[in-house]
Amino acid sequence: MGEIIVGLDIGTTKVVALVCNVEDSQIEIIGMGKAPSHGLEKGVVVDIGETTASIKRAIEEAENMADVKIERVYAGIAGKHIQSINNSGTVSISRDTKIITLDDVQRVIDTAQAVQISPDSQLIHVIPRQYIVDGQEGITDPVGMTGTRLEVDVHIVTGSITAVHNIRRCVENLGIEVQQIVLQPLASSYAILNEAEKELGVALMDIGGGTTDIAIFRGGDIWFSKILPIAGEHITNDIAVGLRVSYEEAERIKIQEGLPRLTDEAAEEERIEITTISEEKKLIAKRKLAKIIEPRLEELFDLAMGEIENVGYRDLIPAGIVLTGGTSLLKGLPEFVSERYDISVRRGRTPHGIHGLRDIVESPVYSTVIGLVKYAVESKEYIHRFGDRPRSWGLASSTHSRGFSGLLGRLMRWFSRFFRG
Ligand SMILES: Nc1ncnc2c1ncn2[C@@H]1O[C@H](COP(=O)(O)OP(=O)(O)OP(=O)(O)O)[C@@H](O)[C@H]1O
Ligand SMILES: [Mg+2]
């Protein structure tokens, strides 16, 4: 038996707990629990009691299947309160030896993470992309090198203090520790993107029930992340309203038909049978369904592509867009996106190196939870290799939750409180 690592994806439509046995970096799924999610809206906990109950069901089911007691988890976070920025920091090495120490790395990260964030937000990740020693770029571990000037480029993810706190509360209510809170699209990327894509430039879109999570990678590292509050549930709602059918019937129609292609001459004539809210059976043109789904997809992807354009990445993602999350299964979606935006689009492929429960490994619905476990495994390997580099892999572990650190951090906090009253 190796080490037990548990991922907990608290999604808008479902909560999933995945128990894995990890030995020599081989991940074997030994238990899975899933429960319908109550108490979340657009990726954010709005009812602690209900969310706790959903998590409890998923955890208990996973415990029974794996025959282990879950003590700690890696939990995902999303919601439109998430903000991301890139920053850099510089320190000088003034000692005689000029040998860079762990302390210098700590100092330079402290400098880089000292950005102005709103007083109701906290840091979730500070991810060092590269270190630069006396102008030499692309260094992953500067400790032991000699130089007089150490720089770091970081990607910083922040989120609402309340949202982070609520996730932790729901889990801790069950006597379980949150080892770390991880940005959902970052987690998903560990499950479905390969190194070559991340190197070349790629946008990941995890389209779930309540949120569409975007993450852009280039040169192997994350450059941008954003959570949009539109996803599959909105499409189902539109169908329910537009066709006057129940939510369940709308969900059935959506999953069965997907986005009918209007250019397809057959679709002009083709009809589908639906059951209206007054229990009548009725035939409607597929064209009508397309007219309902399409504007919502346009809204969603115009927003998403707009975000990518705003940060100047439209032409910097030659590997295109990789789709995952339940809504990525929508029939006709990759074709729609690639035609409208003239970009290469594909659905995420099955993650490598994960054993057990094929159905789970292969479904895009589980890429976040699998990614949480992969993230945990890789960050543990990193720590093993480089030592416990300060806050490189995320900040919100239950024992080390804090915002800025050090004197600079205290000053920044003071300033931000001061200026915002
Ligand atoms: N075959 C399918 N075609 C279209 N949509 C689908 C299909 N299967 C699932 N979905 C949709 O996927 C959505 C759920 O996806 P997922 O499980 O990734 O969401 P979640 O993780 O609970 O939510 P979020 O990540 O937004 O908080 C639902 O809206 C569901 O209707
Ligand atoms: Mg999700």
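Because the structure is a prediction, the values reported are computed rather than measured. For ligands, and for the atoms within them, numbers begin at 1 and follow the listed sequence.
- In this structure, atom 22 (O) of ligand 1 lies nearest to the protein heavy atom T13 OG1, 2.6 Å.
- Ion pair R169/E172 not flagged as a salt bridge, since none of the NZ, NE, NH1 or NH2 atoms sits closer than 4.0 Å to an Asp/Glu carboxylate oxygen.
- For atom 31 (O) of ligand 1, the closest non-hydrogen atom of the protein is E251 OE2, 2.3 Å.
- Of the listed options G76, G326, S188, G326 places a heavy atom closest to atom 10 (N) of ligand 1.
- An N or O contact shorter than 3.5 Å links G209 to ligand 1 by distance.
- Salt-bridge annotation for R261 and E339: present, with a side-chain N of the basic residue lying under 4.0 Å from a carboxylate O of the acidic one.
- Residue T12 has at least one nitrogen or oxygen atom sitting less than 3.5 Å from a nitrogen or oxygen atom of ligand 1, judged on distance alone.
- Residues D206 and S188 bring a donor and an acceptor atom of their side chains to less than 3.5 Å of each other.
- Ion pairing of D213 with K226 is absent here, as no side-chain N (NZ or NE/NH1/NH2) approaches a carboxylate O to less than 4.0 Å.
- Here's the thing with V365: none of its N/O atoms is less than 3.5 angstrom from an N/O atom of ligand 1.
- Between E197 and R349, at least one side-chain nitrogen of the basic residue sits less than 4.0 Å from a carboxylate oxygen of the acidic one, meeting the salt-bridge criterion.
- Ranking protein heavy atoms by distance to atom 2 (C) of ligand 1, first place goes to L329 CB, 3.5 Å.
- Between Q184 and I10, the shortest heavy-atom distance links the atoms NE2-O, 3.8 Å.
- Selection from L330, D213, T327, L259 by nearest heavy atom to atom 3 (N) of ligand 1 gives L330.
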